[in-house]
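It should be emphasised that the depicted structure is a prediction, and the values quoted were computed from it without experimental measurement. Both counts, for ligands and for their atoms, begin at 1 and track the order of listing.
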Amino acid sequence: MPTTTGMKGGGYYDANSKEQRSASDAFLPWLEEAIAALPDPAIHQYSWNFLDIGSSEGANAIYTMNHLIEIVRRQSDLPVWALFDDLPTNDFNQMFSNLFPESTPALSATDVYTAAIGGSAFGRLVPPCSLHLATTFNAIGFFETRPEAQLPGFVLAMQPNPGAPREGVEVTASELIPFQKQAYQDLSHFYAARAEELVPGGKLLVQIFGKNETQSTGHGLMDVLSDALLDFVEADMLPRSFYEDFLFPAYYRDIEELTAPIQNEPELAAAYRIEHAESRDVPVPFNTAFDETGDRETWAHSYISFQRAFTEPVLAAALPEDLPQENTIEKIYQRMERLLVDHPERYEFHFISIAALLTRL
Ligand SMILES: C[S@@+](CC[C@H](N)C(=O)[O-])C[C@H]1O[C@@H](n2cnc3c(N)ncnc32)[C@H](O)[C@@H]1O
């Protein structure tokens, strides 16, 4: 079973995901280079077939797809299939509204055809040998399935941030092993599925929130979530067992982990050439605005709205039904926002965006 049902829908993710767009924009120049080097579609195909995986409600995905179509149009007038995938539980109604605002296509170039696919990134999504370009942004960090293992001392499969210590919040190296294995296996499945789908010479751009030697995209975001939940436990508003069982089901990789399956698995090593692999500390729009204005309240509100767009569906599904207070979820997000206003330095946030550009051999 997938570990998330998707993002907070009804346009909320679209309105609160400028940070993810910044994280994918950083790698658009690689895609320009990749498209220029694509082999012409085979004679029986009559189209360029582009697939984005984990597109959510689509605002960011459509923006990027438009850019990719603009680039391919510099070299070819062939029709384009613009395909968007997400989990079947995604808000696809919002995606179609975004694709056809006021009944006009958002992908405005001529001869472009759009379709949405419901399916998991870790399995096959399209017929074999059919794709010229596959992209994925900010999506494949969510575990395919939750490992059986427990992680009672934190909310994320990661060493807690040394910059935000709290008594009782701790993770041992051995506790992390099942999660590292699951993340490795997920990525192996992802690369194997795309290897079947891409034509020889086809390109795969895989980008995800990650970590470098000093920073993790989980720092700040998950510290404030953990602190708010523990405050609720200490105030008897949540059972301690809830904190011990709760896990945000994502894994923040470093750049070596992103390419490890291709380096280690002979079948994947034979299927791909790695053109680029890099990690970048990308600009975060709410931090840039904070630097300019010093307005903590606005910073905290934007930060929490960004975090809420991807954490709320998971938290809402996990919260027990019989809690002593009504509307606990709203109160948890209010608490997080308060913590940010009071301690901005404790919850400093960096978006470490890691990516690889691969060619299917
Ligand atoms: C943070 S959003 C990213 C959306 C968009 N790509 C962007 O960069 O703004 C992550 C998306 O990945 C999707 N996702 C999570 N696990 C997935 C899986 N196994 N297969 C396909 N999509 C998945 C979620 O449903 C969600 O819509």
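- In terms of hydrophobic clustering, with Ile, Leu, Val, Met, Phe, Trp and Tyr side chains grouped at heavy-atom distances under 4.5 Å, Leu258 and Trp30 are assigned to different clusters.
- In this structure, Arg194 forms a cation-pi arrangement with Phe190, its terminal cationic atom sitting closer than 6.0 Å to the ring centre and no more than 45° off the ring axis.
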Test side-chain hydrogen bond (donor to acceptor under 3.5 Å, both in side chains) on Asn66 and Glu70 and set out the steps. CA-CA 6 Å; Asn66 239 332; Glu70 245 175 67; over 6 Å; no
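- The side chain to side chain donor-acceptor pair (under 3.5 Å) contacts involving residues 147-157 comprise nothing, where partners must be two or more places apart or lie in separate chains.
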Tell me which donor-acceptor pairs under 3.5 Å the side chains of residues 38-45 have, and how far apart each pair is, sequence neighbours excluded?
{"from": "Gln45", "atom 1": "OE1", "to": "Ala42", "atom 2": "N", "distance (Å)": "3.3"}
{"from": "Gln45", "atom 1": "OE1", "to": "His132", "atom 2": "NE2", "distance (Å)": "3.0"}
{"from": "Gln45", "atom 1": "NE2", "to": "Ser130", "atom 2": "O", "distance (Å)": "3.3"}

Ligand 1: protein N/O within less than 3.5 Å of ligand N/O:
{"from": "ligand 1", "atom 1": "6 (N)", "to": "Gly54", "atom 2": "O", "distance (Å)": "2.7"}
{"from": "ligand 1", "atom 1": "6 (N)", "to": "Phe137", "atom 2": "O", "distance (Å)": "2.8"}
{"from": "ligand 1", "atom 1": "8 (O)", "to": "Phe137", "atom 2": "O", "distance (Å)": "3.4"}
{"from": "ligand 1", "atom 1": "8 (O)", "to": "Asn138", "atom 2": "ND2", "distance (Å)": "2.9"}
{"from": "ligand 1", "atom 1": "9 (O)", "to": "Tyr13", "atom 2": "OH", "distance (Å)": "2.6"}
{"from": "ligand 1", "atom 1": "9 (O)", "to": "Asn60", "atom 2": "ND2", "distance (Å)": "2.8"}
{"from": "ligand 1", "atom 1": "19 (N)", "to": "Ser120", "atom 2": "OG", "distance (Å)": "3.1"}
{"from": "ligand 1", "atom 1": "20 (N)", "to": "Ala121", "atom 2": "N", "distance (Å)": "2.8"}
{"from": "ligand 1", "atom 1": "25 (O)", "to": "Asp86", "atom 2": "OD1", "distance (Å)": "2.6"}
{"from": "ligand 1", "atom 1": "27 (O)", "to": "Asp86", "atom 2": "OD1", "distance (Å)": "3.4"}
{"from": "ligand 1", "atom 1": "27 (O)", "to": "Asp86", "atom 2": "OD2", "distance (Å)": "2.6"}

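- Listed by first and then second residue, the ring pair (Phe, Tyr, Trp, His ring centres under 6.0 Å) pairs involving residues 310-360 are Phe286-Phe349, Tyr303-Phe349, Phe306-Phe310, Phe306-Phe349 (not counting sequence neighbours).
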